[in-house]
Each structure stands twice: as C-alpha cells, then as structure tokens.
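Note that the coordinates shown come from a computational prediction; the quantities given were computed from them, not determined experimentally. Start at 1 and go down the list; that is how both ligands and their atoms are numbered. Index from 1, following the sequence.
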Amino acid sequence: MFAKLVHLWLELVANNYCDGVYLSEDNLINLEKENSSQEKKSFHSFHLFIAENIQALLLVEKKINELYYQVTITFDSQEILDFLELINSKIDLSKDNLDTIYSVLSNPINKDNPEQSFIFAIMKILTEPLAFQDNYLNDYSQHQTIEVILRNRIEQERILHQVTQQIQQDLDLLVIVKMTIEQVQSLLQIDRLLIYQLRVPIKQESSENIEYIDTVTYEAKASSVIPSLLNFQEESCFNNIRDSEKKYLEGFYLAIEDINHSNLDSCLKELMQKLGVKAKIAIPIIVKNKLWGLLIAHQCFTVRKWKSNEITFLKNITEYLAVAIYQYNSYHKLEKQKQLLEQQVAKKAKELQDALIVAQVANQSKTEFLGSISHELRTPLTCIIGLSGTLLHWSKDLKNNLSLEQQIRYLKIIQDSGRKLLELINNILDFADIEAGKSLLYMEEISLENLSKMIYLSALEIGKNQGIKVNLEYNISKDLDLFYCDGERLYQILLNLVDNAIKFTPYGGEVIIRMTRNQSQAIFQVEDTGIGINKEQIPLLFTKFQQLENYRTRTHSGTGLGLALTKHLVELHGGFIDVQSTIDKGSTFTVSLPNSPPIYQIKSKISDKEMTDLKVNKTIVVICEDDEIGTFLCQLLTAADYQVIWLVDIYEAIHRIRLINPSIVILEQNKEASLEVCQNLKSENKDKLYLMVIREKISGSEWENLSNLGVDEYLLKPLQPRILLRKIAKIINT
Ligand code: ADP
C-alpha cells in the first residue's frame, strides 16, 4: 500500500512537473556525514510536491517494519510550511525554487481545493484490503521501477479475475485451463508451464474397462524450441507424487532455483536433467481434498530465483483452477444424473405404455373371447333346440312322420352339437384349473404305441368328415415304448393339435402325425398342408383367447383356448412346444416332452414266475348289440392295449364269460334279465369281476337298484374316450 502511495506521488510529479517543485529526502543534505549523530532527522522519508493548484506532502514519520509505516498525508499549506521550516536548514535546493515554494504556500489560490481526483486515488489505496502486502518489494530487483511492479500486479489480478469470470460463464474446462496457463506462462515468462493430471480416465478400445493414467494434459511454452511434454507419462519417479499426496494436501509445494544444486530426490533430479529443466516449481491442485494434479513450471535455459509473489500468484491460480475443475466435475455429474433420470423416466414411460397396450389387447381379446364363446355356445345349442324341436313336432304327427334316415341324421347332429358343447366347457374348466394352479399331472408309464394308435384313430375319425388324409409315422423301437407322463393329458395335447390341423386344412389336404423318442425325451409332430400362419401372428398363437381370425368374420369355429391350454400342459410336463409355418403351405407343431420316471423307482427283484402270477388281467368283455358302440369300444380299448372280446348274444355271453374270466364286463343292454345273469356271474367271481353298464341317462333310484344287483360303474352316452379309459385304467390298476 505504501508503495502505491509513493507511486501516486511520483505520478503526480510526472504529470505536473513543469508547474511545480518536487522535494524528497534525496534533496536533504547527507546528515550522516555532515552532522553529529544527535541531529538525526525526526522522520523516515517524505515526498512533497508543490504547484499552484496542488500541494501535497507524504511524510513517513516512522517505518515500523517491512510492512507497516506511520505516514502523514497533508494538503494544508500551513502544515507544509511547518514541515519546510523543520527541514529548512538541511535542504539542498536553489534559492529560486525555495522562493517559488514560499510564494505559492503563502498565497495559495486553491488552498482548500486540492485536485479531487488525486484525493480519490489516495482514498482508494487507503481503503484497499491489506492482502497485497507480501514481500513483493523485496522480490523485485532494485532496477525494477514501482510502475513495473504495479503493472505486473495488475496483470496478475486481471488473469485471476478472468479465470473467475470464465468459471462463472461456465466455459469448457479445457478452454479455461488452456487460456489460464498460456497467460500465466507469458506473464511470468516461464519457459514451460504444464499441468500434470492424476487418474486421467482412458477407455480401452478393445474392452469396456476404463484405465486410469497420470499424464501431462495441458501445456504452454515460451517458444517452439522447447520440447513438448504433452501426454508425457512417467512411471518410476512420478509415483512419488502419490506418496507425497498427504504432504501436498497439507500445503507443500516445490520451488527449485537450480536443479543441479538442489537436494531433489535423485530419480527426479536425473529425470529433470534429462528433460533439460534447470529450475522448477510444482504446486498441487487440490479438488475436494484430493490431489487432482500439479501445476508445474519449468525453466529450461537458466536457473531462476523464484520470487515469493510469483509463487503466491501460482498458488492463487491453482486454487482458482481447483474451483473451475470442481464446478466442471459437479456439472458433469449432475448432467449424467439428469441423463440417467431421463433414461429411467423414458424406460418407465415405455413400460407403462407397453402395459397399457397389453391391457388393451387383453381387454380386446376378452371381448372377442366373449363374442366367440357366445357364438360357440349358441351354434350347437341352436342346433340341439331346433332339431330336437323338429323331432318332437313330427313325433306327434303320426301321419306325416319323418323318415328314419332323417331322424337318425337329426339325432346325429344333436349328438355332435352336445359333444362340442361338452368339449368347450371342459376346455374352459380345464383352463381355469390350470391357471389357478389346481391341475396336477397324474404321472404314469404309458405305451407310446397305444397312444399313437388312439390318436391316429381319432384323427381318422375327425378327418374323414372333411376329406383329410391322415398318416402316422411312428418311429419308436419296442424297448423305448414305455414313457412316463400324464397319458390322458398327452392325449389331450395331441388331439388338440390334430383337431386344429384338420380344422385349418382345406378339403383334400393331408395331416401327418409323427412320433420319435430317445432315452430322455419323446418328440411328437403334427404336420398339415393347411392355410398356414403369418410370421407376425405366431407369437400370439399360444396366448389365451387368441384367434387369428376375427370372430365376426371367421370361417372356423373355436374359442382360442386350445393352444394356450396345450402349451400350459406341455410346460407342466417340463417340455416345450414350437411351430413352423408357411402361409398357404401348412404348419408343423412340435411338442417335446421329457421322460419323467419317478425318482423313487425301485428295481424289481421279482422272479419271472412271480411276475406271471402278478400279471394284470387286461381282458375286457363287451356285451353290446349296437354296431357303432361295439366297434368304437373295441377300437379304443384295443388301442389302449386291452384284450377285448365283443359278444352280442347275452345268453351265450354268460356262458363264455365263465371260460374267458375277464376282469371287466361292459354291458350295453337295457334288459333286466341280463342284469340278473350278470348278478349271478358277479356272485360267482366276487371281487375278480368288475361290472359296468352303459346308459343313455341314469336316475338316482335306478343307480341304487343297479348297484344292489352288483353293478360297479356306469358310463353315459355319448361315450367319452377319456373318461372311459381313465375309469378302466383305474379298475385294472386296483
Ligand atoms: P381355437 O379353439 O380357436 O382353434 P386354438 O388356441 O387352438 O384356438 O388356436 C388359435 C388360433 O391359431 C386358431 O384360431 C387359428 O387361427 C390358429 N391355428 C391353430 N392351429 C393352426 C393350424 N394348424 N393352421 C393354421 N392356423 C392354426
């Protein structure tokens, strides 16, 4: 501050030199030489300028230490006259000058109005904070004028101010650092100023991993002759930087005047010599209590005595840079978080949108399901009610009776419609059970050959009406015939596929059923030459209530439950289902099921003889006069590996049953007499013979009656293969 005041006085003198007189201690006669020690001056130094428009005295009464001075500033003529009186005897000035001074001071024109701008400048200096009082006067050589010192100081302030402004304007960190080090290098005339940054992230080209290195990231040089150290990496010596991190965090910095004569660590010294560095400074850049890097100044051609104000300035620069880096990092972190949040919001929005679409599709599918189910219910019901009404009507009119063929045709349609209804309701109930997790598999060992025959027969039956050729390609060796699964469910799975294959294949087409297996799994294929399925629609196939045709316009019946149910059943077995299809060429559905024998299966040690004794009696006698039912029972039961004997005459039957010794007798006759005979048979064979009757319908009292006669089970028409087979399997197994 004192230096600034002196500078101000010197400026005043310089600007008004022609108009006034300037006096300072230089004008005093050398007191040391001329006078005795008692006559020492009563002040330290002074600067006095006297002109017509301004008289100003800066009197340094006492120098307390390097920083503090006791100073008097006055513009008062009388006070200045008093001071002149004091030094009068010791002043070395021409008489002319002295006369001018005295005349001006005795008759001041603007006595009370010294130049205002000068006073303002003084006030500004006096009110400045004292921060700038470091030893900078000592730092500058005697030859540097105060003006140079001040200019430097102002330039330093300007650079710091500029960094602050750039930080506020949020310029790119790269720009801030680059501009700053270029300006600082130029101002302090440093040969090479660089930033050695720690933990710079580097993304490896080949991998996702990020590697971190320490390297020079910014550099400013005094000339192109000085080699660049940009991207310079050093592994051995610079590792010490990390070891010294704690020291740096506590305020340590390095300032070396002469590398060759320094006590620098030998590794670093050698490196500096190799890089041609004569003097250096290294100041830490600390960001959020972590060493981010170093601001390093190199002097390459000469040694350099670093001045304390240069070091202070560089320290200030590192602090400002630390703020910029922190702000930049925080901004980027926020930016990343913002992007992450945006991504999360977008993802959630997409999920919600997808969920909405799924809900809409489900809703639409349900509506379509209701539409189709009412159509599916209504069609057979209309047939049943309509045709049974017709039959009733004509049965009353004895004269104009319907022909027998017509009656049979109508009854057949009624029966078919009833079957369809039953199948539909069974499907819906099955599906509800499976969805509710109620449906468990009844795992058993079945014969794949028998299953193939049953499916083939059913397919022939269904296909016959629609002119579809059915082929069975069975490729399973005898030793692999037995397979663990829920036989009934597997039959249901295959029947569903066969049913669809026939339904979606035009008249004259072909359906092939294939079966193969190895030790661990069996593969079932149903191929058709039908209408095929669009690629885009394949993912919808196994979704419940999905029919690929719109229910209002479609030409095929169904509820869209079949394949969803099939898939559930396959998955319950631990298998999978797949489909390949080409429009207008056909589709192939493939089901793969694992062979799942029970874990606790114990190897049998029973001898062959015991085995024969234990052999299950699988002989069934069917007593039936109706050709259709008789054929149906024989085909179905033979396919399921039972020995079936079909007898038509009841009386002959009684006689032969005694010889055949069957385990089950199925009786499709409504005669009390035959029942009595059966009752006799039962009493002879007791527990060994199981008796089943087939009825159109059965009332509670009738069933009571029948069971009293020894009948064990009844079956209702139309016969349901699944129910029939399940009941028979149960009886034989027990
Ligand atoms: P549905 O009872 O309506 O037949 P499914 O679930 O069995 O229900 O079948 C769903 C839809 O898949 C059918 O409506 C039909 O559009 C299509 N589909 C199934 N099997 C075939 C096939 N073999 N060929 C062509 N389309 C088929």
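- For ligand 1, the atoms lying closer than 4.0 Å to a non-hydrogen atom of Asp528 are 22 (C), 23 (N).
- Of all atoms in ligand 1, listed by their number and element, those nearer than 4.0 Å to a heavy atom of Gly562 are 5 (P), 6 (O), 7 (O), 8 (O).
- Inspection of the Gln492 and Arg489 side chains reveals an N or O donor paired with an N or O acceptor under 3.5 Å.
- At distances below 3.5 Å, not a single donor-acceptor pair connects side-chain atoms of Thr588 with backbone N or O atoms of Glu527.
- Of the N and O atoms on the side chains of Gln525 and Thr590, at least one donor lies less than 3.5 Å from an acceptor on the other residue.
- Of all atoms in ligand 1, listed by their number and element, those nearer than 4.0 Å to a heavy atom of Phe589 are 20 (N), 23 (N).
- Contacts between Ile533 and ligand 1, counted as non-hydrogen atom pairs separated by less than 4.0 Å, involve the side chain only.
- The environment of OH in Tyr474 is crowded: more than 12 heavy-atom neighbours from other residues, nucleotides or ligands sit within 6.0 Å.
- Not a single donor-acceptor pair under 3.5 Å links the side chain of Asn471 to the backbone N or O of Ile512.
- Close contacts between ligand 1 and Leu563 involve ligand atoms 5 (P), 6 (O), 7 (O), 9 (O), 19 (C) [criterion: under 4.0 Å to a heavy atom].
- Every atom of ligand 1 is numbered from 1 in the order shown, and the set under 4.0 Å from a heavy atom of Ser587 is 24 (N).
- Tyr410 and Ser388 form no side-chain donor-acceptor contact under 3.5 Å, judged by distance and modelled atom types alone.
- Put simply, part of Lys503 is less than 4.0 Å from ligand 1, judged by heavy atoms.
- When atom types are taken as modelled, the side chain of Asp712 and the backbone of Tyr690 share no donor-acceptor pair closer than 3.5 angstrom.
- Each of the following atoms of ligand 1 lies closer than 4.0 Å to a heavy atom of Leu541: 12 (O), 17 (C).
- Under 4.0 angstrom from ligand 1, there are no non-hydrogen atoms of Leu565.
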